[in-house]
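Below: the structure, in structure tokens.
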Protein chains: 2
Amino acid sequence: MKGKIFIIEDEASIVQLVQHNLEKEGYVVSSSLNGNEGLKELKKFEPNLLLLDWMLPDLSGIDICKNIRRDSNFKSLPIIMLTAKGEEEDKIKGLESGVDDYITKPFSFNELSARIKAVLRRSDPKVVANELIFDDLKLNKIEKRVFRADKEIQIGPTEFRLLEFFLTNPKRVYSRDQILEIVWPNNVNVESRTIDVHIRRLRQSINIEGKKELIRTVRSSGYSLV
Amino acid sequence: MKGKIFIIEDEASIVQLVQHNLEKEGYVVSSSLNGNEGLKELKKFEPNLLLLDWMLPDLSGIDICKNIRRDSNFKSLPIIMLTAKGEEEDKIKGLESGVDDYITKPFSFNELSARIKAVLRRSDPKVVANELIFDDLKLNKIEKRVFRADKEIQIGPTEFRLLEFFLTNPKRVYSRDQILEIVWPNNVNVESRTIDVHIRRLRQSINIEGKKELIRTVRSSGYSLV
DNA sequence: TTAATTTGTAATATTTCTGTAACATTAAGA
DNA sequence: TCTTAATGTTACAGAAATATTACAAATTAA
């Protein structure tokens with residue numbers, strides 16, 4: 001499933017068109033033709049994104065928007081506003097009331113689809129890259145290669161896993177226990193001091209003269225990539 | 001500071017106009033007139049948002065965008081694309097290459113400002129939770145870093161815990177016994193006067209000349225952050 | 001099998017942190 | 001003003017944490 005999308009829009013023809021096409025693209029879609037109803041259904045449905053009409057018979061889009069932003073469960077629900085008006089004033093109000101994007105009717109389904117993708121991409125950052133980059137350090141997961149400043153670097157398997165681990169969460173400080181837990185194969189018993197030695201080896205490999213140290217020691221806490 | 005914004009745009013007049021107005025609104029702004037240069041400067045500047053021209057003399061906006069998205073430090077940097085073209089095709093490409101929003105030239109500064117606010121609002125609520133902020137003092141729990149007026153400060157583990165403690169309840173006055181109880185590991189026996197020394201060390205570290213004292217002594221009661 | 005590489009540990013060196021004591025200064029009441 | 005209790009400051013000796021090195025066992029490559 002690509003994601004769940006909820007639509008609140010009173011023009012049935014638009015709902016039908018959009019819902020049909022989105023479902024064809026693999027989304028799970030639900031909708032409501034009115035504001036108050038829609039708010040309730042939406043909270044049950046728990047969508048990943050909301051398409052919201054600006055002008056509704058009962059509630060204005062802005063009111064709905066504000067209601068949603070006040071609910072801690074939906075504070076960060078991405079919202080794309082559908083508006084018939086082209087006036088800039090309205091656009092600004094919409095954006096300021098906490099909308100992530102808007103699109104003016106009539107719109108092509110292609111453009112809507114692209115905007116949905118863009119907004120969704122930001123809201124869940126699942127990363128499928130096989131290259132991890134940090135500063136001038138680059139690690140290729142499938143080729144098992146490491147580069148510093150475009151120069152390839154040789155490191156052993158353990159140091160590779162260690163570096164890969166650091167690269168998935170740069171800047172964050174990890175304790176030796178956490179590092180052991182994740183970088184070493186399950187249920188191995190190694191001294192926690194052993195990590196110091198591997199850190200040293202990794203440092204020696206990735207440090208190029210003149211370039212700054214990349215692994216930071218945080219006394220009493222652990223290590224991090226900076 | 002509201003945030004740091006970087007601009008990559010080759011029309012100097014636009015840069016000037018936008019930069020000036022954004023600075024008036026309280027942002028810290030830096031800019032570059034060309035793509036390759038801009039990329040480098042941007043990574044030094046570490047902005048919270050990028051305004052990126054679609055058509056540049058050397059690199060296309062999309063290329064820049066892709067480059068940024070591959071670098072783990074800037075994976076989630078919000079980008080707003082500035083485009084002269086109105087064609088829908090371009091818009092779609094832009095959105096799909098990982099841009100968060102776009103705006104078509106010529107645009108009013110009001111609209112740009114509203115879009116910036118909207119995009120910034122969404123960006124990275126995770127980071128915020130890890131940070132304790134009081135006045136111009138900032139402590140990042142998972143990166144184990146402390147800043148005063150945006151300048152990083154080195155402090156030892158005990159001073160870090162002490163400051164973290166004060167930051168979770170600013171203004172409140174704590175007795176030495178309470179501080180001992182919470183900041184020191186269980187069942188340690190340390191003289192209560194020892195705290196005075198750590199307070200002194202903390203004060204020395206976080207005090208910048210010209211800036212006001214942040215730790216207040218309450219005679220016969222204890223200390224607090226003010 | 002042999003050679004080369006990798007790995008974990010222990011021993012040692014180095015760095016940084018911590019608590020305390022001794023002395024200095026300050027604040028507040030008599 | 002003097003006295004006294006509380007807090008500020010400083011220096012220093014262990015203590016604790018980390019860095020470095022060397023080496024033997026284990027693993028892998030040749």
Side-chain angles (χ1 to χ4, degrees), chain A residues 139 144-146 152-166 173-207 209 212-226, chain B residues 139 144-146 152-166 173-207 209 212-226:
Chain A
L139 177 148
K144 304 277 181 198
R145 286 153 167 273
V146 177
E152 178 153 14
I153 278 164
Q154 295 304 125
I155 62 177
T158 303
E159 282 72 39
F160 187 91
R161 295 200 310 277
L162 193 55
L163 182 58
E164 183 179 352
F165 170 63
F166 276 123
V173 176
Y174 289 99
S175 70
R176 293 187 174 66
D177 282 345
Q178 289 177 302
I179 295 175
L180 267 189
E181 186 79 28
I182 301 176
V183 174
W184 267 257
N186 283 338
N187 316 319
V188 225
N189 260 34
V190 285
E191 288 291 318
S192 109
R193 311 254 81 243
T194 299
I195 289 169
D196 301 26
V197 179
H198 282 284
I199 290 283
R200 156 135 172 97
R201 288 171 182 154
L202 184 53
R203 275 177 170 153
Q204 268 186 326
S205 312
I206 67 176
N207 277 6
E209 59 119 6
K212 68 166 187 272
E213 174 72 51
L214 284 178
I215 296 174
R216 165 172 170 242
T217 304
V218 181
R219 187 168 242 254
S220 84
S221 293
Y223 297 97
S224 71
L225 199 66
V226 290
Chain B
L139 177 149
K144 304 273 181 200
R145 286 171 180 283
V146 176
E152 177 156 14
I153 279 164
Q154 297 302 127
I155 62 178
T158 303
E159 282 72 39
F160 188 92
R161 295 200 309 276
L162 193 55
L163 182 57
E164 185 177 353
F165 170 63
F166 276 123
V173 177
Y174 289 98
S175 70
R176 292 185 174 66
D177 282 345
Q178 288 177 303
I179 295 175
L180 266 189
E181 186 76 28
I182 300 178
V183 175
W184 265 257
N186 284 339
N187 316 319
V188 231
N189 259 36
V190 286
E191 288 290 320
S192 108
R193 295 299 321 278
T194 298
I195 289 169
D196 300 27
V197 178
H198 282 285
I199 290 283
R200 152 114 174 118
R201 285 171 182 154
L202 185 53
R203 275 176 170 155
Q204 260 185 331
S205 311
I206 68 177
N207 277 7
E209 57 118 7
K212 67 166 186 270
E213 173 70 52
L214 284 178
I215 296 174
R216 168 173 160 241
T217 305
V218 182
R219 189 166 243 258
S220 82
S221 294
Y223 298 97
S224 74
L225 200 65
V226 288

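Letters A, B, ... are given to chains in the order of the sequence lines, protein chains preceding strands, and every chain is numbered from 1.
- Residue Asp196(A) places its side chain closer to dA19(D) than to any other of dG8(C), dA19(D), dT7(D).
- Remark: Arg176(B) is not in phosphate contact with dA6(D), judged by side-chain N or O atoms under 4.0 Å from OP1 or OP2.
- Enclosure of atom CD in Gln154(B) is not indicated, since only 12 or fewer non-hydrogen atoms of other residues, nucleotides or ligands lie within 6.0 angstrom.
- Remark: Thr217(A) is in phosphate contact with dA19(D), judged by side-chain N or O atoms under 4.0 Å from OP1 or OP2.
- Side-chain N/O atoms of Thr158(A) include none lying less than 4.0 angstrom from OP1 or OP2 on dT6(C).
- Counting heavy atoms from C-beta on, the side chains of Val226(B) and Leu214(B) never come closer than 4.5 Å.
- Between Trp184(B) and dG19(C) there is a side-chain N or O to OP1 or OP2 distance below 4.0 Å.
- In this structure, Phe165(A) and Tyr174(A) have tilted ring planes: the angle between them lies in the 30° to 60° band.
- Atom pair Leu163(B):CG and dC17(C):P shows a separation of 15 Å (rounding to whole Å applied).
- If you measure from atom NE2 of His198(B) to atom P of dT18(C), you get 6 Å, rounded to the nearest angstrom.
- A close approach under 4.0 Å does not occur between any side-chain nitrogen or oxygen of Arg201(A) and OP1 or OP2 of dT7(C).
- Checked by distance alone, Arg200(A) brings no side-chain donor or acceptor within 3.5 Å of a matching partner on the base of dA19(D).
- Residue Val197(B) has its side chain nearest to dT20(C) when only dT20(D), dT20(C), dA16(D) are considered.
- For the pairing with Glu159(B), the side-chain hydrogen bond (donor to acceptor under 3.5 Å, both in side chains) check across Arg203(B), His198(B), Arg201(B) returns one residue only, His198(B).
- Rounding to whole angstrom units, NZ of residue Lys144(A) and P of dT28(D) are separated by 14 Å.
- Rounded to a whole Å, the CD1 atom of Ile199(A) is 14 Å from the C1' atom of dA17(D).
- The separation between Gln154(A) atom CD and dA4(C) atom P is 17 Å, rounded to whole Å.
- Nucleotide dA22(C) holds its P atom 12 Å from the CD atom of Glu191(B), rounded to whole Å.
- Among the heavy atoms of the strands lying under 4.0 Å from Thr194(A) is at least one base atom, whether or not backbone atoms are also near.
- Listed pair Tyr223(B) / dA6(D) fails the phosphate criterion, with no side-chain N or O lying under 4.0 Å from OP1 or OP2.
- Between Ser205(B) and Ile155(B), the closest heavy-atom pair is CB-CG2, 3.4 Å.
- Between the side chain of Arg193(B) and the base of dG8(D), at least one donor-acceptor pair of N or O atoms lies under 3.5 Å.
- Taking for each of Val218(A) and Val218(B) the nucleotide of DNA chain D with the nearest heavy atom, the 5'-most of the two is the partner of Val218(B).
- Among the heavy atoms of the strands lying under 4.0 Å from Glu159(B) are primed sugar atoms or P, OP1, OP2 only; no base atom is included.
- Within the 4.5 Å cutoff, no side-chain heavy atoms of Lys144(B) are placed close to those of Ser220(A).
- If you check every strand for non-hydrogen atoms under 4.0 Å, Phe160(A) touches nothing.
- Put simply, CD1 on Ile215(B) is 15 Å from C1' on dT9(D), counting in whole angstrom units.
- Leu202(B) places its CG atom 15 Å from the C1' atom of dT18(C), with the value rounded to the nearest Å.
- Counting only heavy atoms from C-beta on, Pro157(B) has its side chain closest to dT18(C) among dT20(C), dA28(C), dT18(C).
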